[in-house]
Participant: 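Please read through the structure below; I'll follow up with questions.
Each chain gets a letter, A, B and so on, in the order the sequences are listed, and its residues count up from 1. Quantities reported herein were computed from a predicted structural model and do not represent experimental measurements. Both backbone and side-chain heavy atoms feed into the values below; hydrogens, waters and symmetry mates do not.
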2 protein chains.
Amino acid sequence: MPRNTTRAEPGFRELTENNRSGPLFVRSLEKAMQVLAAFHHADAPLSLSEIAAQANVDRSTAQRMVHTLRSMGYIRRAGDGRGFVPGIRLLDHTLDYLRLDPLVRRATPVLQELRKEVRERVDLSLFDDLRVVYAVRLQSKRQTFYTTLVGHSVPSFCSSGGWAILSRLPDDRVRDILDRSDRRPFTPHTVTQIPAILDKIAETRANGYALSLNQILLGEIAAGFPVLDANGDPVAAIHVAGSLAEWTPEDFVNRNIPLALEAARAISQY
Amino acid sequence: MPRNTTRAEPGFRELTENNRSGPLFVRSLEKAMQVLAAFHHADAPLSLSEIAAQANVDRSTAQRMVHTLRSMGYIRRAGDGRGFVPGIRLLDHTLDYLRLDPLVRRATPVLQELRKEVRERVDLSLFDDLRVVYAVRLQSKRQTFYTTLVGHSVPSFCSSGGWAILSRLPDDRVRDILDRSDRRPFTPHTVTQIPAILDKIAETRANGYALSLNQILLGEIAAGFPVLDANGDPVAAIHVAGSLAEWTPEDFVNRNIPLALEAARAISQY
DNA sequence: GCAGCTGTATCGTCTTGCAATACAGAAGAT
DNA sequence: ATCTTCTGTATTGCAAGACGATACAGCTGC
């Protein structure tokens with residue numbers, strides 16, 4: 001379940017003083033996207049009134065937006081009579097995103113190779129401020145529903161991928177991100193205190209990779225590796241994830257880290 | 001590469017006579033989504049002018065739409081200076097779609113089990129008129145880039161999933177779909193003639209599954225199985241796909257069909 | 001230095017999105 | 001049984017605000 005929401009593209013606010021009020025800002029479009037985003041907090045089909053409430057728009061507005069989005073395939077009626085759900089047309093944009101992201105293109109074959117060698121779950125997640133978003137997912141045998149879904153995200157502050165990325169950011173940006181994060185625990189072992197998180201990040205910086213135990217899911221061990229762009233800034237992470245029922249942390253590290261580190265370097269451009 | 005585009009939700013046109021002109025239709029939203037959809041035909045970052053041309057809107061309109069979509073994270077600047085690309089925020093809607101589709105929920109664990117047993121690529125694709133759209137993808141060892149991507153689609157007329165679905169539709173709907181399809185071949189073996197396609201569909205109807213050889217990709221063998229909703233109408237298909245370098249068609253059928261057929265029945269609601 | 005691109009910014013006009021209002025049908029309560 | 005409160009859908013007058021012409025600065029290539 002996503003806990004944080006995306007902000008504008010980083011560095012965008014600098015370009016235009018007040019980016020949601022200038023004459024360039026299309027208010028009706030904002031409302032429309034809020035209508036689509038109403039489903040972010042839903043776990044069942046939404047009625048028009050529910051959509052209007054979630055999106056913070058008038059019921060009439062929701063009606064017209066839904067009508068239009070429906071005519072374009074972005075929303076459809078729920079199979080069983082009542083309410084609306086997201087439409088299949090959205091998946092076309094998923095494909096556009098994945099196809100056109102050079103990082104995803106570059107990473108996919110490398111991850112496939114890595115997956116073949118380590119035989120555990122291998123993922124690519126993209127850095128998005130307070131969270132990392134899974135974009136490529138290569139499963140192993142045992143999986144939960146959410147570990148197969150593209151678009152799923154986990155917080156930066158308590159995931160191996162997040163730590164890997166934070167370990168390559170300047171201290172003040174790390175502080176800023178941790179301060180703004182909603183640091184609710186996922187498991188009893190989730191690290192939520194800022195000093196403890198900073199320790200983890202320091203350890204990650206020293207080792208070159210992040211090791212997380214029981215952070216998001218009980219019984220899960222994961223290693224995260226930063227992926228750098230041409231400027232040396234971290235933009236993504238790759239992960240190898242396994243089960244603590246099968247691995248001791250030592251074996252997991254010895255067996256998987258070298259291969260994954262090499263893969264992360266192959267994807268990085270720095 | 002997608003060859004066909006999505007239409008409105010089936011049965012929608014019946015509801016409102018002219019669904020893109022009534023007072024309920026929000027024109028600026030249509031333009032905005034066309035702007036986002038401009039990337040469907042792109043294979044590199046798009047400039048404002050290119051977006052305007054693709055979306056059939058004024059450059060000024062494109063500018064304002066892009067500005068707004070950017071401020072919300074749906075579009076971002078390309079990493080290397082010039083142009084725009086789809087933004088990560090789109091993946092949030094991908095997740096909404098996958099989470100809220102009951103079919104995807106039901107199918108995922110069944111497909112994981114199937115994948116474990118057949119050890120070949122296993123997919124779920126959703127019926128969308130002229131095409132089927134991949135929503136769940138469980139890889140095997142050897143993969144191409146596109147066989148890993150959620151949102152990728154293939155035509156109904158020449159894919160095992162398409163045949164599986166068409167085999168459960170009434171004849172006149174099949175004719176209609178075939179007539180409207182752009183039946184360009186993908187490989188020298190792609191079946192493009194309507195009589196030949198109808199033969200394939202008849203064979204599928206008799207067998208209960210569809211077998212495709214070299215239709216989309218040379219060297220690929222795939223079996224497709226229809227998934228039915230509570231009314232008995234086909235809404236999706238599951239696939240098992242392997243390589244002709246490893247399988248004779250007979251072995252492929254004998255080894256994989258029974259398990260996959262059972263999986264398709266488990267997912268169906270009829 | 002000119003031509004042709006980028007992306008960005010401003011502004012007056014009149015299109016068109018807004019929200020109040022209404023209605024039929026279904027679900028549930030009493 | 002009726003009364004209430006949900007659905008989703010449809011109409012309409014008014015004025016908010018989207019449209020698109022126009023302009024400009026910063027590139028790249030010729």
Participant: Main chain of Gly162(B), side chain of Ser156(B): is a donor-acceptor contact present, judged purely on distance under 3.5 Å?
Facilitator: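 Checking the backbone N and O of Gly162(B) against the side chain of Ser156(B), no donor-acceptor pair under 3.5 Å is found.
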
Participant: Check the distance between dG8(D)'s P and Arg76(A)'s CZ and give it to me in whole angstrom.
Facilitator: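 Distance, rounded to whole Å: 15 Å.
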
Participant: What's the CG-P distance between Leu46(B) and dC5(C), to the nearest Å?
Facilitator: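 Nearest whole value for this atom pair: 16 Å.
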
Participant: Centroid-to-centroid, Phe145(B) to His152(B), below 6.0 Å?
Facilitator: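 Not close enough - the centres of the two rings lie 6.0 Å or further apart.
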
Participant: With no hydrogens and no angle check, do the side chains of Asp96(B) and His40(A) hold a donor and an acceptor under 3.5 Å apart?
Facilitator: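 Judged by distance alone, the side chains do pair up.
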
Participant: Is it the case that more than 12 heavy atoms not belonging to Gln269(A) sit under 6.0 Å from its CD atom?
Facilitator: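 Enclosed.
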
Participant: Return the value, rounded to whole Å, for the distance between atom NE2 of His67(A) and atom C1' of dC18(C).
Facilitator: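 Atom-to-atom, His67(A) to dC18(C), this comes out as 16 Å.
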
Participant: Is a donor on one side and an acceptor on the other found under 3.5 Å between the side chain of Asp229(A) and the backbone of Gly232(A)?
Facilitator: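 Side chain of Asp229(A) to backbone of Gly232(A), a donor-acceptor pair under 3.5 Å: yes, one is there.
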
Participant: Can you tell which of dT9(D), dG7(C), dT7(D) lies closest to the side chain of Ser49(A)?
Facilitator: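 Nearest to the side-chain atoms of Ser49(A), counting from C-beta on, is dT7(D).
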
Participant: State whether the side chain of Thr147(A) and the backbone N or O of Gln143(A) hold a donor-acceptor pair below 3.5 Å, judged by distance alone.
Facilitator: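 Looks like no, no N/O pair under 3.5 Å.
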
Participant: Rounded to whole angstroms, how far apart are CZ on Arg77(B) and C1' on dT8(C)?
Facilitator: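 Going from Arg77(B) (CZ) to dT8(C) (C1'), I get 10 Å.
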
Participant: What string of B, S and - do you get for nucleotides 14-24 of chain D, 5' to 3', if B is base contact, S is sugar-phosphate-only contact and - is no contact with any protein heavy atom under 4.0 Å?
Facilitator: ----SBBBB--

Participant: Heavy-atom distance under 4.5 Å between the side chains of Met72(B) and Leu69(B), does that happen here?
Facilitator: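 Met72(B) vs Leu69(B): side chains apart.
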
Participant: Nearest to the Arg82(A) side chain among dT6(C), dT7(D), dT10(C), which nucleotide is it?
Facilitator: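 For the Arg82(A) side chain, the nearest candidate turns out to be dT7(D).
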
Participant: Nearest whole Å is fine: how far is dT12(D) P from Leu24(B) CG?
Facilitator: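 Those two atoms, CG and P, are 12 Å apart.
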
Participant: Pairing of DNA chain C as dot-bracket, 5' to 3': ( ) intra-strand, [ ] crossing, | other strand, . unpaired, with Watson-Crick or G-U pairs under 3.5 Å?
Facilitator: .|||||||||||||||||||||||||||..

Participant: Could you check whether Tyr134(A) and His239(A) have their ring centres less than 6.0 Å apart?
Facilitator: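 Between Tyr134(A) and His239(A), which both carry aromatic rings, the centre distance is below 6.0 Å.
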
